[in-house]
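Notes follow the structure.
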Amino acid sequence: MSESPTPEPPRPARPRPASATPPDAGGTGREGVAQGEGRRGRGRRGRPRRPQGEGERQGEQPPDQGEQRPDQREQRPDQRERGRGRGPRPNRRNQQGDRRQDRPPPTPEEREARRVAREKRLAARAASVPAITYPDLPVSAVKDDIAAAIRDHQVVIIAGETGSGKTTQIPKVCLELGRGIAGQIGHTQPRRIAARSVAERLAEELDVDLGKQVGYQVRFTDESTRDTLVKVMTDGILLNELQRDRDLRRYDTIIIDEAHERSLNIDFVLGYLKQLLPRRPDLKVIVTSATIDPERFAAHFTDRDGKPAPIIEVSGRTYPVEIRYRPLVRVEPAKTPGKPDVETEIDQVTGICEAVEELWTEGGAAERAREGSGEDILVFLSGEREIRDAADALEGMNLPGTEILPLFGRLSAAEQHRVFSRHSGRRVVLATNVAETSLTVPGIRYVVDAGTARISRYSQRTKVQRLPIEPISRASANQRSGRCGRVSDGIAIRLYSEADHDARPEFTDPEILRTNLASVILQMTALGLGDIARFPFVEAPDSRMVTDGLRLLHELHAIDPEEKDPRRRLTDVGRRIARLPVDPRLARMMLAAVDEGALREVMTIVAALSIQDVRERPLEKQAQADQQHARFKDEKSDFVTLLNLWKYLRKQQKELSGSAFRRMCKNEYLYYLRIREWQDLVGQLTTTMRELDLEPNSRPATSDQVHRALLTGLLSQIGLYDRDKREYLGARGARFAIQPGSALRRSSPEWVMSAELVETTRLWARTNAETDPAWIEQAGAHLLKRSYSEPHWSRKRAGAVATERVTLYGVPLVTDRQVGYGSIDPETSRALFIRHALVEEDWDTPTASSTTTANSWPGSPNSSPGHAGATSSSTRTPSSSSTTSASRRPWSPARTSTPGGRRNGAADPSCSRSPRTSSSPTTPTRSTPPTTPTSGSRVTCGCGSPTSSNPAPTPTA
DNA sequence: GAGCACTGC
């Protein structure tokens with residue numbers, strides 16, 4: 001093991017290897033973990049994993065139309081050459097469109113050759129269909145009904161609980177119907193691990209090799225080929241394929257599994273399919289759901305006659321579960337007869353202990369447990385803290401032969417894994433919602449449901465994500481109690497009353513009603529779907545949520561809010577953000593990083609922010625883990641901390657063998673599989689950026705470059721420290737605190753930007769860095785509000801001046817900057833000029849070498865920065881010789897001098913208004929501050945570079 | 001002085 005090394009200095013310039021994927025760390029990474037890991041390395045039959053972005057780009061065409069356009073197959077030389085240059089580049093999609101039109105129509109011979117090839121492919125696919133048998137499962141009993149429904153309808157809804165076998169048997173019914181030949185059968189799952197295991201089971205039941213007739217694709221892993229008949233994938237993969245295959249031509253059948261989960265992806269796919277069906281009459285869609293609410297999906301997919309899609313119900317193979325209500329009150333008979341009984345509330349922990357005790361003594365349970373049959377108890381709680389409290393109390397009960405196990409997402413892999421290990425005696429597993437859908441805890445006979453969960457909600461008021469603890473819905477309660485009826489009959493105790501249960505909402509709000517819609521809106525705009533209000537969502541989001549999504553996209557420069565034509569609303573930046581497989585804020589950072597020359601660093605940070613933290617903090621060893629991780633900390637930036645960690649890992653990986661590296665990870669509380677995912681994601685982002693002709697920097701970027709790029713994605717997540725209240729003032733009056741664990745917790749710098757603001761017990765900022773109001777003013781120029789006070793005549797500046805106040809979402813960036821008032825309020829300024837300069841002659845006649853009104857222009861280098869807060873490190877160097885053409889300004893004194901030299905001369909190296917920001921393709925400088933000169937005069941900033949559209953000062957860093 | 005859960009060419 002190495003001694004705490006100091007993180008490396010910035011990475012030296014090193015040519016990038018041809019493959020964008022980071023070098024293999026050795027090992028196959030196949031250890032099973034509770035969640036999240038994908039099978040890596042090799043397929044089951046030793047087939048090498050297909051590298052990302054390399055080799056054939058399979059399946060852009062349906063198997064029966066397998067011909068690929070030449071422009072899709074290879075990069076054309078002109079595209080390759082364009083890659084290095086800066087400046088705007090033409091949209092490739094348009095080029096393809098043009099090219100398609102340019103292509104000469106096929107000759108009859110070509111057409112015939114294609115027809116023959118197609119028939120050959122179809123015959124080969126048909127011949128590859130394996131023999132189909134059905135195991136003894138509830139769904140097998142109704143397979144003929146399902147087959148008939150699919151044959152007769154374009155859309156079929158299949159409702160059935162877990163254990164019915166619908167997930168694995170329906171693809172087989174489809175194959176037997178002859179589907180999967182003309183196109184693939186696409187089968188979506190909400191989670192990667194599910195996609196993989198469904199494909200594995202299907203391949204096993206059909207007795208074929210995984211990756212041949214049955215394949216799967218999840219992020220970073222594609223175990224499917226053009227010859228694959230059934231492709232299982234995450235719904236995100238299907239969504240992403242839309243970008244290249246608008247009509248999903250490669251599929252002849254699409255199965256959307258677990259639709260009741262109603263994730264953002266599922267809702268988007270269902271809406272899209274609804275629109276697609278009339279264009280693809282040959283396409284069959286099967287939507288499967290738990291038995292809750294299949295009617296909603298049936299009604300969504302009405303046919304042309306307005307008839308809802310048929311629903312086929314499949315019974316599940318589950319055992320009866322007895323529900324007992326044990327509300328958290330204790331009823332004692334009234335002491336005086338005739339008076340009502342006395343109810344006293346008990347706390348949740350007591351309720352849990354009593355419920356566990358009740359189940360403990362349940363008829364013969366203890367005896368059965370001794371015999372080794374599953375008698376375990378699963379307790380559902382809302383979060384980590386509740387789990388710890390309950391665990392402490394249960395441990396205190398000293399139940400004989402009993403193990404108490406916590407289970408929540410942030411637990412280390414090993415800790416999560418304990419619930420899958422074999423054990424003797426009894427177990428009480430205390431879990432969050434992970435155990436409701438993502439993880440199946442084996443051997444559960446009893447459930448205790450506290451009836452609450454943390455639900456992610458987007459706050460309309462503060463535009464911030466919240467995680468409030470809420471009563472769960474009836475559907476969720478049903479799902480929880482169902483977790484104990486899988487191996488035998490079970491008992492579920494609900495720590496609330498039946499009346500409480502019945503009064504609860506039927507379903508949890510679908511994600512689309514609870515989340516910021518920026519990403520969905522962007523994808524829809526990029527796909528040319530037009531008006532969001534008219535998109536056929538299963539449940540349409542509130543228009544205010546749409547407005548908020550659009551607002552964020554404007555903040556990111558992704559859309560032009562003034563463009564009325566929705567097809568033209570997307571900016572170049574927006575089009576590129578839509579291509580990048582990360583959150584729009586993070587994608588924005590990457591594009592800004594290109595201009596800053598910091599793409600390599602920012603890509604690493606963005607990938608880290610996109611995945612779960614690779615740093616583990618086991619419950620019992622938090623101090624040791626913190627100590628290990630402290631080596632990487634940067635005092636001013638949690639982002640730099642991530643870079644330090646990345647550099648350390650790369651260095652260790654180079655020096656150690658695969659197994660030694662993994663040992664090191666474990667010893668230093670780093671999660672190997674997430675590190676692999678981090679590296680995979682950096683590889684994927686590198687590839688995608690390269691496809692956009694954007695290359696990473698070869699020279700290491702400075703911290704300022706990195707943070708300026710990050711800031712472009714975090715403009716509404718900045719904060720100004722309020723010393724009195726010891727908290728930060730954020731956008732729209734939000735007040736937040738730095739989360740403990742952030743390196744900035746103690747230093748509390750004046751200005752911070754945060755990668756994530758989440759409201760739990762209070763509004764917390766997680767992953768933060770110090771920032772600079774001058775940078776914010778520059779990056780947020782399109783969002784600033786300016787106001788002016790105390791206009792007066794300045795003898796010294798020979799012009800009207802006023803005090804400027806600049807705010808971003810209500811956060812004061814500048815409070816008392818003295819600026820020229822002429823362009824802001826010409827009339828008042830003119831009056832001041834007449835009264836003071838002309839009438840009172842309060843004016844020094846300018847000499848030939850001095851300047852006049854130019855200095856009083858807002859944004860001219862002589863206006864004081866005046867940034868709020870005191871720690872601004874970036875005071876601009878005043879440049880005394882700026883000038884402007886004043887002749888057209890009616891309020892300016894008649895005599896204006898034009899000092900020679902600088903004007904239109906060579907660029908002043910001290911000028912911060914570099915061409916980078918004014919001509920960059922990714923940073924439109926179009927902005928509409930109220931201070932744009934009205935007369936069209938041109939402001940120069942002392943070095944001759946024109947800045948006519950943006951009078952905001954451009955500070956140096 | 002602390003955090004539900006997923007997911008993308």
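Numbers restart at 1 for each chain; the letters A, B, ... are given by sequence-line order, proteins then strands. This is a predicted model, so every value here is computed, not measured.
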Looking at A:Arg219, does any N or O in its side chain come under 4.0 Å of the phosphate oxygens OP1/OP2 on B:dC9? yes

CZ/A:Arg762: more than 12 non-hydrogen atoms of other groups inside 6.0 Å: yes

Quick check on B:dG8: is either OP1 or OP2 less than 4.0 Å from any side-chain nitrogen or oxygen of A:Gln684? no

How long is the line joining CD1 of A:Ile469 and P of B:dA2, in whole Å? 13 Å

State whether A:Ser456 places a side-chain N or O below 4.0 Å from either non-bridging phosphate oxygen (OP1 or OP2) of B:dC4. no

With a 4.0 Å heavy-atom cut-off, tell me which residues in residues 740-748 of chain A come close to DNA chain B, sorted by residue number. A:Pro740, A:Gly741, A:Arg745

Test side-chain contact (heavy atoms from CB on, under 4.5 Å) on A:Glu241 and A:Ile237 and set out the steps. CA-CA 6 Å; A:Glu241 285 180 355; A:Ile237 296 276; 3.9 Å; yes

For A:Asp583 and A:Thr432, take the nucleotide of DNA chain B holding the closest heavy atom to each; which residue's nucleotide lies nearer the 5' end? A:Thr432

Whether A:Arg674 side chain and A:Val614 backbone form a donor-acceptor pair below 3.5 Å: no

Would you classify A:Leu580 as touching base, sugar-phosphate or nothing, given that sugar-phosphate means primed atoms plus P, OP1 and OP2, and contacts are heavy atoms under 4.0 Å? base

Below 4.0 angstrom from OP1 or OP2 of B:dA2, is there any side-chain N or O of A:Arg410? no

By side-chain contact (heavy atoms from CB on, under 4.5 Å), which residues pair with A:Asn516, not counting sequence neighbours? A:Tyr458, A:Ala518, A:Leu552

Tell me what A:Thr761 touches on the nucleic acid: a base, only sugar-phosphate, or nothing, going by heavy atoms under 4.0 Å. sugar-phosphate

Does A:Gln523 reach a base, just sugar-phosphate, or nothing at all? Heavy atoms under 4.0 Å. base

Quick one: side-chain contact (heavy atoms from CB on, under 4.5 Å) partners of A:Glu470, sequence neighbours excluded? A:Ile455, A:Arg457, A:Pro468

Do the ring centers of A:Phe535 and A:Phe268 come within less than 6.0 Å of each other? yes

Residue whose closest nucleotide on DNA chain B lies nearer the 5' end, A:Arg762 versus A:Pro584: A:Arg762

Among B:dA2, B:dC4, B:dC9, which nucleotide sits nearest the side chain of A:Ile237? B:dC9

